[in-house]
Amino acid sequence: KNQVEQSPQSLIILEGKNCTLQCNYTVSPFSNLRWYKQDTGRGPVSLTIMTFSENTKSNGRYTATLDADTKQSSLHITASQLSDSASYICVVRLSGGYQKVTFGTGTKLQVIP
Amino acid sequence: EPEVTQTPSHQVTQMGQEVILRCVPISNHLYFYWYRQILGQKVEFLVSFYNNEISEKSEIFDDQFSVERPDGSNFTLKIRSTKLEDSAMYFCASSSTGTDYNEQFFGPGTRLTVL
């Protein structure tokens with residue numbers, strides 16, 4: 001069964017600190033993986049997309065990694081800001097032109113002053 | 001910057017009633033989607049729509065659900081006879097292409113409460 005699991009479920013960090021969020025997936029055949037940020041009461045917004053051949057990709061203070069062999073991805077947030085408080089969701093796409101995507105369980109991040 | 005909009009932001013209905021959730025996708029997008037998120041749970045795919053027909057649907061999307069693009073701008077999700085378990089946040093999304101790498105842009109959601 002195609003599944004996407006994330007850890008930790010929730011995280012509290014001090015403003016200015018770094019953190020790393022994890023995503024493990026069993027989706028196959030794999031096409032790509034996106035990390036989304038979802039503010040409370042809002043729709044998810046894409047941060048970055050990782051394809052099979054990419055190991056790391058940065059978007060400002062966000063850096064995503066992908067290990068397609070172990071089927072793991074991480075999202076590293078550098079120098080956290082209060083506005084980073086949100087849920088971060090890992091979303092995996094099947095290859096073959098399927099529109100359906102599989103969402104992870106999400107990590108709820110809270111950045112405190 | 002163009003964005004997906006949804007109305008209403010919150011809908012309260014009685015069990016057994018029909019509801020229609022409305023979405024206006026980004027204007028030049030061709031692929032449309034509905035997702036739902038039950039409180040405290042992950043987002044789940046419901047259906048994708050292209051060229052005026054359903055291209056994929058999940059097992060959640062049963063006969064109680066239907067989608068329509070009644071005109072050139074709106075995309076609607078109808079639930080014929082709501083159940084308590086239909087209470088959730090419903091997100092509409094759109095994308096310009098249907099490739100594996102297309103980015104889906106999400107609306108702010110409609111919170112549906114079934115009493």
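Model, not experiment: these values are computed from the prediction.
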For B:Tyr101 and A:Arg34, the nearest pair of non-hydrogen atoms, with its separation, is O-NH2, 3.0 Å

Should we say atom CG of B:Asp71 is surrounded by more than 12 heavy atoms from elsewhere, each under 6.0 Å from it? yes

Do any of residues 33-45 of chain B come closer than 4.5 Å to chain A, heavy atom to heavy atom, and if so which ones, in number order? B:Tyr33, B:Tyr35, B:Gln37, B:Lys42, B:Val43, B:Phe45

Hydrophobic cluster identity match, A:Phe52 and A:Leu75, side-chain contacts under 4.5 Å: yes

Contact residues of residues 12-24 of chain B (partner chain A; heavy-atom separation under 4.5 angstrom): none

Which bit of A:Gln38 is near chain B, if near means a heavy-atom gap under 4.5 Å: side chain, backbone, both or neither? side chain

For chain A, the option from B:Tyr50, B:Tyr31, B:Phe91 that forms the most heavy-atom pairs under 4.5 Å: B:Phe91

Which atoms form the tightest heavy-atom contact between B:Gly98 and A:Arg93, and what is the distance? O-NH2, 3.9 Å

Sequence-distant partners of A:Glu54, salt bridge (charged side-chain N to carboxylate O under 4.0 Å, His left out), two or more places apart: A:Lys57

Proximal to chain A - members of residues 75-83 of chain B, heavy-atom separation under 4.5 Å: none

If hydrophobic clusters are built by linking Ile, Leu, Val, Met, Phe, Trp and Tyr wherever their side-chain heavy atoms come under 4.5 Å apart, do A:Tyr36 and B:Met89 end up in the same one? yes

Could you go step by step and tell me if A:Ser46 and B:Phe106 meet the side chain to side chain contact (heavy atoms under 4.5 Å, CB included) rule? CA-CA 9 Å; A:Ser46 178; B:Phe106 287 79; over 6 Å; no

Look at atom CD of B:Glu85 and say whether more than 12 heavy atoms of other residues, nucleotides or ligands are closer to it than 6.0 Å. yes

